[in-house]
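First the proteins, then the strands, lettered A, B, ... as listed; each starts at 1.
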Number of protein chains: 2
Amino acid sequence: MTDTKTALLRSAERAARTKGFDGFSYADLAADVGIRKASIHHHFPAKADLTLAVMQRYHVAFAETCDRIDAAHTTGGARLHALIAAYRSALGNGEMVCLCVAFSISRDHITTDVRAAMGDFRQMMLEWLTATFTRGNGDGTIAQVADPAAEARAALALLEGAQLAARTQADPTAFDAALALMSSRLG
Amino acid sequence: MTDTKTALLRSAERAARTKGFDGFSYADLAADVGIRKASIHHHFPAKADLTLAVMQRYHVAFAETCDRIDAAHTTGGARLHALIAAYRSALGNGEMVCLCVAFSISRDHITTDVRAAMGDFRQMMLEWLTATFTRGNGDGTIAQVADPAAEARAALALLEGAQLAARTQADPTAFDAALALMSSRLG
DNA sequence: AAGTATCTACCTAGTAGTAGGCAGGCATTC
DNA sequence: GAATGCCTGCCTACTACTAGGTAGATACTT
């Protein structure tokens with residue numbers, strides 16, 4: 001039996017990524033985890049606390065994913081390919097989007113510290129992508145790189161947009177289709 | 001004085017695009033339009049009816065935008081540039097996203113006919129984009145077009161992702177930054 | 001005995017939606 | 001031409017339900 005706090009974080013992350021911040025409730029989490037609604041407040045006094053904890057957990061987990069990718073692959077092309085695969089597998093069966101995407105819509109309903117955490121996450125991703133495009137340009141494993149920072153911003157938008165496409169169509173292959181062009185540039 | 005039904009549609013579209021489907025209520029619309037909450041039900045019996053009407057109105061309006069672009073510009077590059085500008089201006093000050101993006105998150109909370117309308121909208125955009133990339137490839141005003149259909153899918157994801165970036169950062173220039181690479185391909 | 005985790009039972013505020021009424025416009029009918 | 005009846009648009013006042021959150025009791029652990 002995993003501890004309840006972690007179970008709540010997991011459930012909340014899944015709920016947020018499938019239904020958005022305004023789309024899930026403490027009642028949903030309680031039913032999912034198997035405790036009473038009021039008991040959640042013992043672990044997370046307010047929804048804002050839970051939301052921030054979910055965001056921070058997500059950030060740490062994704063940073064670790066990036067580290068693992070860097071450790072497993074040396075070329076820029078291979079690393080970008082692995083990141084695309086990570087985003088793709090995070091999709092589930094086309095029902096989940098990145099936490100940032102899910103929270104972006106509810107931007108005005110979340111607290112400023114969660115918004116700040118979203119900004120931190122995006123910043124981390126942009127830096128990693130910029131470094132990866134720079135490397136891929138240097139080692140020749142990513143074609144036609146002119147400006148690594150511009151590539152990074154476009155790639156992040158593309159990854160997030162592709163998740164939306166997959167979700168809208170309830171079809172994970174829509175993600176692949178949206179990324180086909182970028183993938184074809186990787187050697 | 002515009003008629004109340006149209007005022008409601010306008011208010012609902014704005015609310016949906018800034019707060020998402022789960023983020024706005026009849027009370028919000030009532031306060032915005034200046035009638036009582038219950039009176040909205042006179043025009044739209046259920047929220048699902050209103051939502052569908054908003055989506056259909058949006059679809060028609062965007063189709064007209066595409067027609068206007070086609071009438072005003074002949075080259076593929078100029079047309080794509082104009083579409084990017086249309087998406088950019090629809091952003092407002094970085095607080096509004098496309099209806100499809102907003103509803104995508106709440107996919108499981110909206111009715112099937114609204115989901116179908118979202119699919120129709122995306123299909124229309126993909127067809128228009130494919131035709132535009134084909135034209136831009138033929139007349140040489142869009143560089144490096146290999147597969148117009150793949151370009152269309154990537155472009156739509158990029159446009160929607162760029163809107164999310166602008167919204168997350170509350171900064172419309174984030175949209176420009178995400179699209180800089182694609183814009184540089186247009187002659 | 002103390003602290004942690006959970007419970008039942010409740011609260012306030014807000015959700016979509018309903019019931020029934022009222023004022024005024026526009027016909028038709030006597 | 002006045003009376004009748006129907007319609008639109010909006011109202012007040014309500015229902016049933018869900019939201020996040022609280023208080024206090026109870027059980028389990030150490």
If you restrict it to nitrogen or oxygen atoms, what contacts under 3.5 Å exist between nucleotides 20-27 of chain C and the protein, and what is each distance?
none

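- For the pair A:H42 NE2 and D:dC28 C1', the computed distance is 12 Å after rounding to whole Å.
- For A:R115, the salt bridge (charged side-chain N to carboxylate O under 4.0 Å, His left out) test picks out no residue, with sequence neighbours left out.
- Of the side-chain N and O atoms in B:H43, none sit less than 4.0 angstrom from OP1 or OP2 of D:dT8.
- Electrostatic pairing of A:D32 and A:R14 does not count as a salt bridge here, judged by no charged N lying under 4.0 Å from a carboxylate O.
- Recorded end-axis angle for the helix from C:dA1-D:dT30 to C:dC30-D:dG1 stands at 10°, based on five pairs per end and rounded to 10 degrees.
- Salt bridge status for B:D108 with A:K19: absent, with no side-chain N to carboxylate O gap under 4.0 Å.
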Whether each nucleotide of nucleotides 12-21 of chain D has a protein heavy atom under 4.0 Å at its base (B), only at its sugar-phosphate (S) or at neither (-) is summarised, 5' to 3', as BB-----SBB
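- Annotation: side-chain hydrogen bond (donor to acceptor under 3.5 Å, both in side chains) contacts involving residues 33-54 of chain B, sequence neighbours excluded, are absent.
- Between the side chain of B:T173 and the backbone N or O of B:D176 there is no donor-acceptor pair closer than 3.5 Å.
- Counting heavy atoms from C-beta outward, B:N93 and B:D171 have side chains that stay 4.5 Å or more apart.
- Annotation: side chain of B:R10 is in contact with side chain of B:R57 (closest heavy-atom distance under 4.5 Å).
- Within the structure, every pair that satisfies the ring-ring contact (aromatic ring centres under 6.0 Å, His included) test and touches residues 61-100 of chain A, not counting sequence neighbours, is listed here: A:Y58-A:F62, A:F62-A:Y87, A:F62-A:F121.
- By the side chain to side chain contact (heavy atoms under 4.5 Å, CB included) test, B:A102 is found to be paired with B:V97, residues two or more places apart in sequence or in another chain being considered.
- Across residues 101-118 of chain A, not one residue has a non-hydrogen atom less than 4.0 Å from an atom of DNA chain C.
- Applying the salt bridge (charged side-chain N to carboxylate O under 4.0 Å, His left out) test to residues at least two apart or on different chains, the pairs with a partner in residues 64-82 of chain A are A:D70-A:R79.
- Regarding B:L29, its CG atom lies at a distance of 8 Å from the P atom of C:dA16, rounded to whole Å.
- Evaluation of the ring-ring contact (aromatic ring centres under 6.0 Å, His included) test over residues 125-180 of chain A, restricted to residues two or more places apart or in two chains, returns none.
- Within the structure, a side-chain polar atom (N or O) of B:T4 is placed less than 4.0 Å from OP1 or OP2 of D:dC10.
- Within the structure, side-chain hydrogen bond (donor to acceptor under 3.5 Å, both in side chains) pairs that include any residue of residues 140-168 of chain B comprise A:S104-B:T168, B:R122-B:E160, B:D139-B:T141, B:E151-B:R185 (at least two apart or interchain).
- The distance between atom CD1 of B:I40 and atom C1' of C:dT18, rounded to the nearest whole Å, is 15 Å.
- A search for salt bridge (charged side-chain N to carboxylate O under 4.0 Å, His left out) contacts involving B:R17 returns B:E13, not counting sequence neighbours.
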